[in-house]
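First the structure, in the form of structure tokens, and then the observations on it.
Lettering follows sequence order; numbering is per chain, from 1. Below, each value reflects all heavy atoms present in this structure, side chains not excepted, and no hydrogens, waters or symmetry copies.
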Number of protein chains: 2
Amino acid sequence: MNDSLMTIGQMCESYDVTPRTLRFYESKELIFPIREGQKRLFTKSDRARLKLILQGKRFGFSLEEIRQLLNLYSIGDQQTTQLTQTYELAQERLRDMEEQREELTEAIADLKEQLEWGEAVLAERGVKLAAE
Amino acid sequence: MNDSLMTIGQMCESYDVTPRTLRFYESKELIFPIREGQKRLFTKSDRARLKLILQGKRFGFSLEEIRQLLNLYSIGDQQTTQLTQTYELAQERLRDMEEQREELTEAIADLKEQLEWGEAVLAERGVKLAAE
DNA sequence: GCTGTCGTTGACGTCAACGTAAAGGTGGAA
DNA sequence: TTCCACCTTTACGTTGACGTCAACGACAGC
């Protein structure tokens, strides 16, 4: 149970991903586990990156976008320009997400309306619905 | 310009879809245009169904789910049981959508937090951001 | 020596909802 | 007649994020 070097199995445990996923991320150059013979060993850096990847996915970034962001982080740690770019990309994403949410909100409202209509019809027919 | 029978082109105009989409829906047994020789002619029924399809998509139903719902409508027009089933499926979808919205709301909040952090860092470095 | 567990590498498969390209039919206007 | 718009079919391509499979190596315990 080395703390700074983990096998693929331990990684899967810790982050709830499959081996296939980690190999896939490596093939996409999102993480860079070192090799001991054939085996992959994941470093602290890999874990940090993986965390960011999973976060990024939550935010709806594509893996390609995430790759670019990760590169910006590591390469231009003190490069203000890069951070600014990251910031701007994130802002765009935020706008997308807010837009999505609005659409969803609208759709929810519409669907609720339909449901009320359905309830009315069913009530007319004397159907008792589960009280839920 | 027959009102009750439309060509594929007219349908595309009216509902802002491509011919491919309509043929695809036919192949998936979502609509059943009649044939005049080779050509498809879309009836009032097809248009009603198409409207429901497009609505369903807005609500995030898959085409397969929509197909099932449409079958319920047409088969069991007066069958209360079917309507009840439709109602319940729609309720499930509503729950899904509300869950999605919550996740999205959370993600938005998190991302906003990150953005503020980024702003702070950039401000420290004396970067002026576009006032937006 | 055998079995089991964990790991490896390709390479092809999957899912949804169409897009796109190729190749051709049909009917009307110039 | 020739052209054009509009329609048809079949069939492969796209996108993203992996899943699944085959075939194999390395090592541990019994």
Side-chain angles (χ1 to χ4, degrees), chain A residues 1-2 5-43 46 49-70 89 93 96-97 100 103 107, chain B residues 1-2 5-43 46 49-70 93 96-97 100 103:
Chain A
M1 281 205 219
N2 191 323
L5 253 30
M6 290 173 61
T7 73
I8 201 167
Q10 295 171 326
M11 290 291 284
C12 295
E13 271 291 300
S14 302
Y15 296 93
D16 192 32
V17 292
T18 68
R20 181 70 183 89
T21 300
L22 293 175
R23 295 188 194 112
F24 181 71
Y25 287 170
E26 186 189 8
S27 81
K28 293 286 173 181
E29 306 194 296
L30 290 164
I31 51 181
F32 306 94
I34 56 178
R35 296 306 180 97
E36 191 191 65
Q38 283 278 64
K39 292 180 184 174
R40 289 167 179 80
L41 289 177
F42 296 81
T43 68
D46 292 317
R49 293 172 75 90
L50 182 55
K51 273 185 208 165
L52 287 172
I53 292 166
L54 298 177
Q55 274 252 336
K57 291 195 47 169
R58 278 198 59 222
F59 295 155
F61 289 97
S62 73
L63 290 185
E64 175 54 21
E65 285 174 316
I66 292 173
R67 198 183 60 77
Q68 290 172 24
L69 291 177
L70 284 172
L89 184 49
R93 268 277 66 210
D96 286 356
M97 288 166 73
Q100 260 187 58
E103 278 176 35
Chain B
M1 278 207 222
N2 191 325
L5 252 30
M6 289 173 60
T7 71
I8 201 168
Q10 294 171 327
M11 290 292 283
C12 295
E13 272 291 300
S14 302
Y15 297 94
D16 192 32
V17 291
T18 68
R20 181 68 182 93
T21 299
L22 292 175
R23 297 188 192 113
F24 181 71
Y25 288 169
E26 184 188 11
S27 81
K28 292 286 172 180
E29 305 195 297
L30 290 164
I31 51 183
F32 307 94
I34 57 178
R35 296 306 179 99
E36 191 190 65
Q38 282 280 63
K39 292 180 185 175
R40 290 168 178 80
L41 289 177
F42 295 81
T43 69
D46 291 318
R49 294 172 74 90
L50 182 54
K51 274 184 207 166
L52 287 172
I53 292 166
L54 297 178
Q55 273 252 338
K57 291 195 49 172
R58 278 199 60 223
F59 295 155
F61 288 98
S62 73
L63 289 185
E64 175 53 23
E65 284 174 317
I66 292 172
R67 199 182 59 78
Q68 291 173 24
L69 290 176
L70 284 173
R93 264 280 64 209
D96 286 357
M97 288 165 73
Q100 259 187 58
E103 278 177 36

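- Atom CD1 of A/I8 is separated from atom C1' of D/dG25 by 15 Å (rounded to the nearest Å).
- A close approach under 4.0 Å does occur between a side-chain nitrogen or oxygen of B/T21 and OP1 or OP2 of C/dG19.
- Between A/R67 atom CZ and D/dA17 atom C1' there is a gap of 16 Å when expressed in whole angstrom units.
- OP1 or OP2 of D/dT9 sits under 4.0 Å from a side-chain N or O of B/R35.
- Listed nucleotides: C/dT8, C/dC12, C/dC18. Nearest to the side chain of B/R20: C/dC18.
- Phosphate contact (OP1/OP2 of D/dC7, side-chain N/O of B/T7, threshold under 4.0 Å): present.
- Remark: C1' of C/dC18 and CD of B/E64 are 16 Å apart, rounded to the nearest angstrom.
- One interatomic measurement links the two molecules: CE of B/M11 to P of D/dT8, which rounds to 12 Å at whole-angstrom precision.
- With hydrogens and angles ignored, the 3.5 Å screen pairs a side-chain donor or acceptor of B/Q10 with a backbone N or O of B/T7.
- In this structure, A/G9 and B/Q38 both approach DNA chain C, and ranking their closest nucleotides by distance from the 5' end singles out A/G9.
- In this entry the distance linking NZ of B/K28 with P of C/dA16 reads 8 Å, nearest Å.
- Under a cut-off of 6.0 angstrom, the local environment of CD in B/E64 is crowded, with over 12 non-hydrogen atoms contributed by other residues, nucleotides or ligands.
- For C/dT9, neither phosphate oxygen OP1 nor OP2 lies less than 4.0 angstrom from any side-chain nitrogen or oxygen of A/K39.
- The side chain of A/T18 places no N or O atom within less than 4.0 Å of a non-bridging phosphate oxygen (OP1 or OP2) of D/dC18.
- Of the residues listed (B/L41, B/L22, B/T18), the one engaging B/I8 in a side chain to side chain contact (heavy atoms under 4.5 Å, CB included) is B/L22, and it is the only one.
- By the 4.5 Å heavy-atom criterion applied to side chains, A/K57 and A/L63 are counted as neighbours.
- Taking atom CG of A/L41 as the reference point, atom P of D/dA26 lies 16 Å away to the nearest angstrom.
- The side chain of B/R23 places an N or O atom within less than 4.0 Å of a non-bridging phosphate oxygen (OP1 or OP2) of D/dT8.
- At whole-Å resolution of the value, CD in B/E36 and C1' in C/dG27 are 12 Å apart.
- Regarding B/L50, its CG atom lies at a distance of 11 Å from the P atom of C/dC18, rounded to whole Å.
- For C/dC18, one of the phosphate oxygens OP1 or OP2 lies less than 4.0 angstrom from a side-chain nitrogen or oxygen of B/Y25.
- Side-chain proximity of A/F24 to C/dT8, C/dA17, D/dA17: nearest is D/dA17.
- Pairing each heavy atom of A/I31 with each of A/L50, the nearest pair is CG2-N, 4.5 Å.
- OP1 or OP2 of D/dT9 has at least one side-chain nitrogen or oxygen of B/R40 nearer than 4.0 Å.
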